[in-house]
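A short write-up of the structure that comes next.
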Amino acid sequence: MDHAPISADREVKLFAEVILPLALPVNYTYRIPDSLSGKVVPGKRVAVQFGKSRLYSALVRRITDSFPSRYAPKEILEVLDDEPIVNDVQFSFWDWMASYYMCSKGEVMMAALPASLKLSSQTQIVLNRDSLEREVTLSENEALIQQVLQQQQVLSVRDVASLLNRKTVMPLIKSLLDKGIVYVSEQLSQGYRPRTAVYLQLDPAYRDTEKLKELYQLLEKAPRQLDALMTYMRLAKHRTGWVPKKDVAEESGVSSGVIQALIEKEVFHAEIREVSRLAAHETGFPPEGNAQAFSPAQERAYHQTRTQLQSRDAVLLHGVTASGKTLIYIKLIEECLEKGQQALYLLPEIAITEQMTRRLRARFGNQLAVYHSRFNDNERGEIWKKVSQGTCRLVVGARSALFLPFQKLGLIIVDEEHENSYKQFDPAPRYHARDSALYLAGLHRAQTILGSATPSLETFYNASEGKYGLVKLPQRYGDVMLPETVVVDMLRESRKKATHSHFSGLLLEEIRKSVEQRKQVILFRNRRGYVPLLQCHTCGYIPQCLNCDISLTYHRSSEKLVCHYCGYSEKPLASCPACGSHHMEQKGFGTEKVEDELKILLPEVRISRLDLDNTRSKNAFQQILNDFEDGKVDVLVGTQMVTKGLDFHNVNLVGILDADSLFRYPDFRSFERSYQLMVQVSGRSGRRTERGKVIIQTTSPGHPIIDLVLQNDYDAFYRSEIEERRQFSYPPFFRLITVHLKHKNEEYLAEKAASFASLVKSRFGSRVLGPQIPLVSRVRNLYLRNVLIKIDREKDSLSKVKEILGVCLTEMRARHKSLLIQVDVDPL
DNA sequence: AGCACGCCGACT
DNA sequence: GTCGGCGTGCTC
């Protein structure tokens with residue numbers, strides 16, 4: 001420094017560590033060119049070249065001055081943002097997520113940023129006009145692009161590729177950039193385009209009432225146009241007010257051509273205006289009057305919540321359906337906003353955000369924004385900005401809303417905490433929004449409310465152990481009645497010959513009654529397929545999976561024996577492969593069989609089925625639900641799926657078939673699901689004065705858990721559930737780690753999965769509680785083979801597990817580079 | 001993720 | 001003899 005004063009200012013921060021939007025294990029370092037020094041700041045996006053030809057917008061993580069000795073860093077090409085788009089808290093959150101869910105920071109970044117903020121092949125290039133005056137030697141293709149750009153202003157990288165009909169187009173663009181022919185479009189940094197709408201105004205000439213009358217008469221001949229005009233008059237507050245054209249069209253039901261005719265007649269003036277997307281959603285929801293008053297029970301629950309929050313960061317609000325949790329949320333949000341902080345309201349599914357938004361909008365108006373993946377990128381970009389600026393104080397959203405750039409978050413509400421759609425599955429990070437919310441709240445020193453009528457086992461456990469506060473709201477509005485619960489002893493019934501296949505006489509009778517009353521029925525059976533187990537009557541042989549030590553389930557619809565763990569399937573055999581006997585016994589029954597037999601017993605009843613097997617295609621799930629909700633189906637037979645996303649308003653009967661299997665290992669969730677079903681049905685039917693009915697068919701009617709259900713003692717039921725699992729040395733608080741192995745070659749994959757499993761086993765030793773289950777499912781044309789590791793979640797366990805698993809992963813990756821390995825951490 | 005390189009079998 | 005598939009390695 002003393003000897004080279006010139007280098008003094010070069011000595012300052014020269015390199016930037018950036019996160020690339022890829023699944024790369026580490027961050028990469030780029031040189032900050034002199035021209036950009038000072039502009040490169042953590043949290044801003046920069047355009048960088050990565051590899052030979054690819055351009056990415058990367059996110060600056062930190063600035064360093066240490067010269068990387070192992071490689072020659074490339075330069076940052078451009079800074080894309082004037083201000084950081086990601087703040088420090090977010091970075092901490094990302095870091096945690098990457099480490100907790102064992103994925104790369106790039107993958108977290110991909111999940112976190114709305115599409116408008118991450119760009120890759122959509123990168124736009126524009127012509128540098130100055131370059132036209134210069135003499136530059138260009139290749140044929142380069143000249144072509146230059147030519148096209150003279151006419152077309154902007155081209156995306158993809159456009160260029162299709163224009164030249166080739167894939168490797170980046171070097172060409174790089175060369176064009178180097179030669180100064182093009183530059184990266186500013187649009188790249190713009191992020192989003194504002195939304196516009198056409199607004200209508202009545203020509204001021206018609207302010208005069210006489211003139212207006214004339215106009216009405218004139219339009220007698222054009223009734224549609226008159227309709228449009230009348231609608232406008234109704235919608236406009238003043239005679240010359242501006243009204244969105246779309247509103248007029250929708251309200252009056254006329255086509256836009258009709259309105260266009262009125263514009264041409266100069267009855268209306270049209271103007272294109274920029275509209276805020278947030279405001280667009282606000283229209284139509286005028287603020288409703290005052291806050292509803294608390295009931296005494298709500299008042300009590302509210303004060304308990306406040307008290308609990310003084311000593312704890314999170315509270316479980318355990319309130320039965322329709323007990324008025326929302327009002328308590330609203331009050332807590334109000335207080336949070338009054339303190340000048342932001343609040344986040346998480347909902348498990350986009351579908352139910354609508355009604356909740358309405359309610360919250362009435363209270364919080366335009367301080368509120370809705371954020372989920374159904375919104376287009378531009379809208380999401382706008383909300384991102386508003387949250388960052390603090391203009392938007394309350395966000396209602398699905399799990400992706402966790403990633404918004406909150407400045408000072410004071411409260412997170414996780415509603416319907418038990419819903420498993422809070423868990424992200426396919427692309428990494430495979431995060432659980434509830435767990436992540438708790439961590440995020442910790443970073444902000446914010447408070448978390450977990451709300452549910454039927455809390456998940458793990459949350460209930462945490463609350464009963466004192467980790468979270470616990471507030472109950474057991475009373476319902478209008479003293480709603482619980483459903484009548486009837487236990488049918490199937491052994492006794494069958495001895496009395498009162499059963500028809502798997503149905504008790506009572507259940508069949510009740511189904512018939514419900515259908516007659518035009519009510520609907522849900523039948524819950526936690527086994528899919530036709531028969532879960534076949535056995536040779538002569539020698540006792542049971543067809544089993546080659547990979548997994550479980551019996552194969554017979555599926556009649558596909559005529560196959562299928563392994564429900566790994567997906568292996570084979571043709572059913574006419575005779576026993578062990579002894580040749582033709583007498584194969586069918587043991588047990590699945591949803592397919594329930595559906596089949598019910599169709600025979602009650603041919604006039606419309607029956608539909610909802611389970612994994614018939615919802616494989618994209619819309620099938622929604623289609624079946626819609627048909628049920630529209631009343632096209634009387635009885636819905638299904639697995640745990642029936643507890644999700646259903647509107648129960650017309651359901652007055654739930655049948656739980658073979659309740660015994662619900663208590664048995666290894667059905668972690670089955671009982672929970674059937675309980676949810678009961679609670680929900682009772683909640684909904686309770687709103688209307690009538691009482692729903694639940695019929696539990698079991699062979700062990702004296703079972704303590706069934707007794708608890710009959711007493712409707714939810715807490716006791718859960719405690720006993722926890723106790724029971726402990727007795728089995730099978731704690732309820734597991735961590736399931738799934739390792740996804742992806743490869744195109746199935747045999748190769750099977751082999752690697754086996755070797756990975758044995759590697760894990762040798763490292764984990766006794767910590768592997770469950771079997772290693774290879775699970776193969778077809779994902780696009782890749783195969784996914786999972787290794788499940790169940791681990792006791794003691795205090796030190798997770799970090800230890802991760803340490804060991806980390807070693808296994810590294811070893812495996814080092815040995816088989818072509819194998820894609822990803823890890824999924826489940827809450828239970 | 002993409003892309004290049006090198007190794008194999010299968011073709012004009 | 002080359003073409004092209006697939007496994008492997010690498011990208012600041």
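Atom set for the values below is all heavy atoms of this structure, side chains included, hydrogens, waters and symmetry mates excluded. Below, chain A is the first sequence line, B the second, and so on; all start at residue 1.
- At least one side-chain heavy atom of A/L59 sits under 4.5 Å from a side-chain heavy atom of A/W94.
- Separating the CD atom of A/Q49 from the C1' atom of C/dT11 is a distance of 10 Å, rounded to the nearest angstrom.
- As rounded to whole Å, 11 Å separates atom C1' of C/dT11 from atom OH of A/Y71.
- Taking 4.0 angstrom as the limit, A/Y56 places none of its side-chain polar atoms (N or O) nearer than this to OP1 or OP2 of C/dT11.
- Salt bridge A/E17/A/K105: absent, no basic N to carboxylate O contact under 4.0 Å.
- The distance between atom CZ of A/F50 and atom P of C/dT11, rounded to the nearest whole Å, is 8 Å.
- Residue A/L55 contributes atom CG, which lies 14 Å from atom C1' of B/dA1 at whole-angstrom precision.
- Classified by interplanar angle (parallel below 30°, tilted 30° to 60°, perpendicular above 60°), the ring pair A/H432/A/Y422 is tilted.
- Residue A/P68 is out of contact with every strand shown, counting any heavy-atom pair closer than 4.0 Å.
- Distance CD1 (A/I19) to P (B/dA1): 18 Å, rounded to an integer number of Å.
- Residue contacts for A/L20: at a heavy-atom cut-off of 4.0 Å it reaches no nucleic acid atom on any strand shown.
- When rounded to the nearest whole Å, the span between CZ of A/R54 and P of C/dT11 equals 11 Å.
- Look at OH on A/Y28: it is 14 Å from P on B/dA1, rounded to the nearest Å.
- A/L22 has its CG atom 12 Å from the C1' atom of C/dC10, to the nearest Å.
- Classification of the A/F15-A/F67 ring pair by plane angle, with boundaries at 30° and 60°, yields perpendicular.
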